[in-house]
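A short write-up of the structure that comes next.
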Amino acid sequence: MSQAILEANGYMRNPTSGSLGRRFQIFIDLLGAPNQVHTRSYGDEFFVVVTPSLEPMVDDIRHAYLQYALAPLILRQGEEFEKKKGLADFAQPAPLLSSIYKDDFLLLAEKSLVKAVEARLVTGPGTATRREQMVDQALAEGFILTPYFAEALPLYEKQEQSLRLYFAEMIKGIDLKKEDKRLEKVQFATTAT
């Protein structure tokens with residue numbers, strides 16, 4: 001788990017694992033039902049409860065950590081996202097997308113960014129194919145900004161700033177016409193994978 005969080009911090013170029021006044025904690029529940037990861041967020045407190053499993057639930061914990069680390073970036077750019085809010089209409093017909101994401105564009109953007117970063121963290125044989133599949137799956141589920149973030153993150157990787165500082169530039173780079181064109185022809189999945 002520590003390695004997964006370290007990799008996520010390295011990718012985002014975070015000098016520490018947290019923000020001032022925020023806390024991410026992992027608890028192990030030895031008496032809980034096996035193979036489960038539960039996350040809860042209460043204000044600035046983010047809790048992950050892991051139950052026993054034969055294989056570590058590293059991907060789920062990294063996902064929770066990315067949500068914790070990336071949420072403040074999205075919130076800081078709320079005004080800029082407000083200008084792009086029209087894109088949320090494209091997510092409305094997605095049958096697998098929870099209504100919470102359909103009603104809250106910032107939450108939809110946050111989850112889309114998390115899924116794009118997760119795809120960028122994939123390594124090993126067939127990396128490009130696996131990344132593309134992850135982005136396509138996220139889009140099919142209704143996370144409409146994932147393809148944009150997947151295209152923008154390689155540009156972030158080539159420059160020197162941390163994601164925290166570069167993110168405003170990334171959001172300003174969303175071309176509404178290009179995204180409209182991309183999202184017009186999306187076929188949303190009707191069954192969960």
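Note: hydrogens, waters and symmetry copies are ignored here, and every other heavy atom, side chains too, is used.
- Checking side-chain atoms of Thr51 against main-chain N and O of Ala33 turns up a donor-acceptor pair under 3.5 Å.
- The shortest distance between side-chain heavy atoms of Glu80 and Met170 does not fall below 4.5 Å.
- Arg13 places a side-chain N or O within 3.5 Å of a backbone atom of Glu157 that can act as its donor or acceptor partner.
- Hydrophobic clustering keeps Val122 apart from Val58 (ILVMFWY residues linked when any side-chain heavy atoms are closer than 4.5 Å, directly or through intermediates).
- Between Gln133 and Gln137, the side chains place no donor N or O within less than 3.5 Å of an acceptor N or O (distance only, hydrogens not considered).
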**Study point:** Leu155 and Tyr166: CA distance, side-chain angles, deciding distance, side chain to side chain contact (heavy atoms under 4.5 Å, CB included) verdict
**Key:** CA-CA 10 Å; Leu155 299 175; Tyr166 183 77; 3.9 Å; yes
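- Hydrophobic clustering of Ile, Leu, Val, Met, Phe, Trp and Tyr side chains at less than 4.5 Å, counting indirect connections, keeps Ile26 apart from Tyr42.
- Linking Ile, Leu, Val, Met, Phe, Trp and Tyr residues whenever their side-chain heavy atoms come within less than 4.5 Å places Leu139 and Leu97 in a single cluster.
- Counting heavy atoms from C-beta outward, Phe143 and Leu108 have side chains that approach closer than 4.5 Å.
- Summarising the geometry, atom CD1 belonging to Ile61 is positioned 10.5 Å from atom OG1 belonging to Thr39; distances are rounded to the nearest 0.5 Å.
- Side chain of Arg76 to main chain of Ala168: no donor-acceptor pair is present (N/O by atom type, distance under 3.5 Å, no hydrogens or angles).
- Considering only heavy atoms from C-beta on, Lys84 comes within 4.5 Å of Phe105 through its side chain.
- For the pair Arg62 (side chain) and Glu118 (backbone), a donor-acceptor distance under 3.5 Å is absent.
- Ion pairing between a basic and an acidic side chain is recognised when a charged N comes within 4.0 Å of a carboxylate O; Lys181 and Glu184 show no such pairing.
- Side-chain contact between Val114 and Thr146: absent, with no pair of heavy atoms (C-beta onward) separated by less than 4.5 Å.
- Atom CG in Leu176 sits 10.5 Å away from atom CG in Leu183 (nearest 0.5 Å).
- Looking only at distances, a side-chain donor or acceptor of Arg131 sits under 3.5 Å from a matching main-chain atom of Ala119.
- In this structure, the side chain of Arg120 does not engage the main chain of Pro154 through any donor-acceptor pair within 3.5 Å.
- By the 4.5 Å heavy-atom criterion applied to side chains, Leu73 and Arg164 are counted as neighbours.
- Leu66 places none of its side-chain heavy atoms less than 4.5 Å from the side chain of Leu113.
- The cluster map of Ile, Leu, Val, Met, Phe, Trp and Tyr, joined by side-chain heavy atoms under 4.5 Å apart, puts Val186 and Phe90 in the same cluster.
- Taking the six-membered ring wherever Trp is involved, the centroid distance between the rings of Phe149 and Tyr156 does not fall below 6.0 Å.
- Met1 and Tyr11 fall within the same hydrophobic cluster, where Ile, Leu, Val, Met, Phe, Trp and Tyr residues are linked whenever their side-chain heavy atoms come under 4.5 Å apart, directly or through other members.
- The backbone N or O of Gly142 lies less than 3.5 Å from no partner atom in the side chain of Lys102, so there is not a single donor-acceptor pair.
- For residues 167-193, no residue pair satisfies the ring pair (Phe, Tyr, Trp, His ring centres under 6.0 Å) rule, not counting sequence neighbours.
- When side chains are defined from C-beta on, Lys178 does not count as touching Tyr148, because their heavy atoms never get closer than 4.5 Å.
- Counting all heavy atoms, side chain and backbone alike, Leu87 lies closest to Asp180 at CD2-OD1, 3.6 Å.
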